[in-house]
Amino acid sequence: MYSVLLVRYCPAVNFLRSLALNTRYTLSRHRREMRVRDLVAENRAPISVLFYHRVADCYPNDWTISCKQFVRHIDYCREHFEIISLAEAQSRLQKKHSPRPAVVITFDDGYAENMRYAIPWLISNRIPCTYFVTTENVRHGWPFRHDIENDRPLDVNTVEQLRAASQCGVEIGLHTANHVDFNCITTRSELESEIIDAKMDLEIMIGRQVDYFAVPYGMPQQMRPAVIQTAKACGLRGICSAFGGYNMVGEDPFHIRRIHGDPDFVRLRNWLSFDERKFRHNPTLPTDDVLEETGVCDKTSANGTGKDATLSATADLMDSASLLGGASLLPNSTFQT
């Protein structure tokens, strides 16, 4: 255990790891660029979907990135990739037509600080993003359990903030009702409450249709067949994982793979430059599932059926800046470029 903590928190170890990764990236850069050119020529350019949790300069933790780092990430993406919406990414996969490397920006959970910096900055720069929230935390203002366990409960978004962001062009997506671990769900009623009921609740909150769903934790063990089937059955257009991976033409466009927006820029750049080793490492998802409902087992197969914001719209809502968190939203924000 202590060796794991040493690797994670020791600055010297992290520096050496970043140095080694940067060296590998530099040595393989030409080969990566040639591989991407080949994919572009075949209309199979990779689409990378980044996910963030909290952008803030206070109370740093493992799921927070500073405002300066976040802007650096997005500026790098704007320089080297086309930034597109989640719907556009899915459309390209469905049409089997991906003409250039692209990046999608997403957020998970629903932290209030995002409405003070990151979301207004994206809106003012006309950069599309999808913002996944847990409905019960928003409804009741409850801090997330992982923050409480970290001895630092943090503010979550309000319904008013989500409505205002949605009116500015931010797509609001579902992240379950209670940020549950689907690997621990045993009954169909629990599953439907966290997906179907939560989707309807969120649509009432924001007054718009909800099309996309990000699975909390998003590892292969949470991407259960019953979860995917339930998401399809209630009309969701896509489901997002979080175990890392590129979205390529020929893969299932309903399942959107995402990469963590790592605060370590070297690691982020390594992912986005199309690392062939990571591309080959594609985890296998579960194919069989069993849920119980009032003592009856229900076996499920994985094959079950079941844009951009305008500046004028931004300005209109910025007149009511308190909806999104205060004066820091106004166009003269220090983080605007």
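Looking at R145, its side chain never comes within 3.5 Å of a backbone N or O of H179 through a donor-acceptor pair. Checked by atom type and distance alone, the side chain of Q90 pairs as donor or acceptor with a backbone atom of R237 at under 3.5 Å. In this structure, E79 contributes its side chain and Y76 its backbone to no donor-acceptor pair below 3.5 Å. Checking side-chain atoms of S91 against main-chain N and O of A87 turns up no donor-acceptor pair under 3.5 Å. With hydrogens and angles ignored, the 3.5 Å screen pairs a side-chain donor or acceptor of N114 with a backbone N or O of V55. Formation of a donor-acceptor pair under 3.5 Å by the N247 side chain with backbone atoms of I47 is found in this model.
When D262, I74, L268 are each tested for a side chain to side chain contact (heavy atoms under 4.5 Å, CB included) with L50, only one passes: L268. The only member of R31, R35, R280, R32 that meets salt bridge (charged side-chain N to carboxylate O under 4.0 Å, His left out) when paired with D275 is R32.
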Please report the C-alpha distance between V227 and Q222 in whole Å, then the side-chain angles of each, then the deciding distance to 0.1 Å, and finally whether the side-chain contact (heavy atoms from CB on, under 4.5 Å) criterion is met. CA-CA 8 Å; V227 172; Q222 280 88 35; over 6 Å; no
Would R269 and N22 count as a side chain to side chain donor-acceptor pair (under 3.5 Å) if you check the C-alpha gap in whole Å, the side-chain angles of each, and the deciding distance to 0.1 Å? CA-CA 9 Å; R269 185 182 60 182; N22 188 58; 2.3 Å; yes
Go through the steps to decide whether W63 and D108 satisfy the test side chain to side chain donor-acceptor pair (under 3.5 Å), and finish with yes or no. CA-CA 10 Å; W63 45 95; D108 285 0; over 6 Å; no
Check the pair R257 / E251 against salt bridge (Lys or Arg N to Asp or Glu O under 4.0 Å), numbers first and verdict last. CA-CA 10 Å; R257 295 157 179 80; E251 297 175 340; 3.5 Å; yes
Could you walk me through whether Y131 and N157 pass the side chain to side chain donor-acceptor pair (under 3.5 Å) test, one step at a time? CA-CA 11 Å; Y131 197 84; N157 291 131; 2.5 Å; yes
Show your reasoning for whether side chain to side chain donor-acceptor pair (under 3.5 Å) applies to E190 and T187. CA-CA 5 Å; E190 291 177 277; T187 68; 2.9 Å; yes
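Applying the side-chain contact (heavy atoms from CB on, under 4.5 Å) criterion to A198, with sequence neighbours excluded, gives T135, L174, A177.
A centroid separation of less than 6.0 Å is found between the aromatic rings of F51 and H260. Aromatic pair F274/F279: ring centres closer than 6.0 Å.
Note on F265 and W121: same hydrophobic cluster, where clusters join Ile, Leu, Val, Met, Phe, Trp and Tyr whose side-chain heavy atoms are under 4.5 Å apart, directly or indirectly.
Relative orientation of the F132 and H175 rings is tilted, given thresholds of 30° and 60° on the angle between their planes.
At most 12 heavy atoms of other shown residues, nucleotides or ligands fall within 6.0 angstrom of atom CZ in R72.
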